[in-house]
There are 2 protein chains.
Amino acid sequence: MIKDKKPYHHGDLRLTLLNKATDIIRQGGVESLSMRKLADQVGVSRTAPYHHFKDKNALLCAIAEQGFLLQDQAVKQIPSEHPQLTAAAMFEHYVLAYIRFANEHPETYDLMFGREIWKTGAPTESLKLVSKNSFRIWVEWIEQLQQQGLFDSGEPALRIAQASWAALHGLCRLFNDGIYVNRDDLEAIARTSAQMLISPSRS
Amino acid sequence: MIKDKKPYHHGDLRLTLLNKATDIIRQGGVESLSMRKLADQVGVSRTAPYHHFKDKNALLCAIAEQGFLLQDQAVKQIPSEHPQLTAAAMFEHYVLAYIRFANEHPETYDLMFGREIWKTGAPTESLKLVSKNSFRIWVEWIEQLQQQGLFDSGEPALRIAQASWAALHGLCRLFNDGIYVNRDDLEAIARTSAQMLISPSRS
DNA sequence: AAGCTATCTTGACAGTGTCAAAATAGAATA
DNA sequence: TATTCTATTTTGACACTGTCAAGATAGCTT
């Protein structure tokens with residue numbers, strides 16, 4: 001009588017697939033996810049997933065979408081949690097949080113910002129929406145820090161947001177992709193990055 | 001009697017494969033390269049390539065290796081070509097050259113620094129070597145610029161090299177992977193990045 | 001001319017994504 | 001309650017993929 005949604009044969013297969021798929025890629029990477037094995041593990045036939053996700057691509061988009069929501073949530077509460085910090089310290093905090101997220105969910109992160117979806121495949125409309133929103137939040141954040149003198153006011157906030165995010169993203173990728181391997185250095189490099197990015201004097 | 005190497009049946013199949021494969025990925029991306037189609041286009045049977053490359057992975061490593069050599073070459077001659085530039089201008093020049101390379105050879109760049117080889121697959125020993133050398137060149141470069149006061153002398157050169165390269169890399173990836181799409185902004189963002197990274201005052 | 005080895009081919013296997021058509025289960029309607 | 005309708009799932013099939021094992025062949029060396 002509660003919200004126990006058990007609509008049809010399986011009982012919300014869509015969600016089950018999504019969770020299981022996320023599980024699989026967490027353990028073995030995106031390339032270890034096959035539609036057939038996924039269906040098998042859920043206990044359903046090969047093509048059943050195709051009635052809930054148009055494509056393998058669509059499934060991956062759904063996972064990425066969840067990733068964006070998770071990240072937004074993890075990052076949203078930073079300012080309210082540390083209201084006493086200076087702008088510079090807050091920025092560093094933000095940077096570290098971003099990198100920690102990428103580090104804790106490497107496979108999801110890869111889906112969120114990888115070519116698999118954005119170049120090779122085709123991003124879902126709804127994925128485009130949530131990702132755009134995520135970036136908007138970042139730009140607004142940069143705008144605030146810019147007003148506090150952390151960044152050059154001569155440049156448009158958008159451009160600074162693009163450049164700084166690119167820097168963060170690059171760092172995450174290098175570690176996630178196995179090019180930088182020494183995990184202990186991650187936070188140190190991140191701190192250096194943060195310090196290099198902010199401008200101590202105004203232009 | 002000249003160096004016309006036509007050793008066996010085909011006549012340096014290895015090089016032919018390498019070139020054709022590079023061609024294919026340039027046009028259709030890495031995911032469009034299949035060993036079978038490659039063999040077909042070269043006019044040889046499915047498994048012939050396996051006598052010149054242990055794996056598909058080994059073939060991709062060879063392509064990446066060529067990429068590193070090409071990049072080293074393209075970047076090496078920058079200082080000698082513009083000896084009159086200031087350190088800051090030289091750095092910007094370098095940044096733009098790097099990005100231009102990534103932009104002109106997006107698929108090769110992806111192989112050079114992508115998870116396909118470094119995380120999922122296994123980099124060849126010889127690939128590890130040339131890539132390590134490439135990074136060494138970058139660190140030495142940063143070291144020089146650091147001595148010229150472009151970067152904080154308090155930080156180790158290695159760390160600055162890591163952070164700055166990560167920033168560059170991130171920018172390249174965002175464009176190569178189709179997340180930033182407006183190609184006209186590339187150089188502008190790159191210039192902003194370069195300016196943000198250098199330190200106008202010393203700490 | 002004989003033997004040897006590097007090179008290439010044929011056959012095979014297990015795996016992939018996904019389409020079309022058939023089967024089935026639950027909800028809606030009569 | 002019986003029947004129709006539709007959402008869901010299954011079975012079969014196809015064209016691909018990487019790559020292993022065994023056989024054939026071509027060129028060099030002796």
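In what follows, every chain begins at residue 1, and chains take the letters A, B, ... in the order their sequences are listed. All values below come from the heavy atoms of this structure, side chains included, with hydrogens, waters and symmetry mates left out.
Pairing each heavy atom of A/A39 with each of A/S45, the nearest pair is CB-O, 3.3 Å.
B/D40 and B/K37 are not joined by a salt bridge, as no carboxylate oxygen comes within less than 4.0 angstrom of a charged side-chain nitrogen. At a threshold of 4.0 Å, the pair B/R26-B/E104 does not count as salt-bridged, since none of the basic side-chain nitrogens sits closer than that to a carboxylate oxygen.
A/H52 has a side-chain polar atom (N or O) that falls below the 4.0 Å cut-off from OP1 or OP2 of D/dT9.
Atom CZ of A/F175 and atom CG of A/L186 lie 4.0 Å apart (nearest 0.5 Å). Rounded to the nearest 0.5 Å, atoms CD1 (B/I25) and NE2 (B/H105) are 10.5 Å apart.
Look at CG on A/D40: it is 13 Å from C1' on C/dG15, rounded to the nearest Å. Note: CZ (A/R46) to P (D/dG12) measures 8 Å, nearest angstrom. Spacing between atom CG of B/D12 and atom P of C/dA6 amounts to 16 Å, rounded to whole angstrom units.
No more than 12 heavy atoms of other residues, nucleotides or ligands shown are found within 6.0 angstrom of CD on B/E116.
Comparing B/S45 and A/N57 by the nucleotide of DNA chain C whose heavy atom lies nearest to each, the residue mapping closer to the 5' end is B/S45.
Checked against the 6.0 Å centroid threshold, A/F135 and A/F68 do not count as a close aromatic pair. Here A/Y180 and B/W165 bring their ring centres to under 6.0 angstrom of each other.
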Can you pull every protein N or O that's under 3.5 Å from an N or O on nucleotides 20-22 of chain D?
none

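Residue B/K56 has its side chain nearest to D/dT19 when only C/dT9, C/dT18, D/dT19 are considered.
Aromatic ring orientation, B/F113 versus B/H169: perpendicular (interplanar angle above 60°, classes split at 30° and 60°). The aromatic rings of A/W138 and A/Y94 lie perpendicular to each other, with more than 60° between the two planes, well past the 30° mark.
A/R115 pairs in a side-chain hydrogen bond (donor to acceptor under 3.5 Å, both in side chains) with only one of the listed residues (B/N176, B/D177, B/D110), which is B/D110.
Interface residues of residues 13-37 of chain A facing DNA chain D, ordered by number: A/L13, A/R36; criterion, heavy-atom separation under 4.0 Å. At a non-hydrogen distance threshold of 4.0 Å, nothing from residues 114-127 of chain A comes into contact with DNA chain C.
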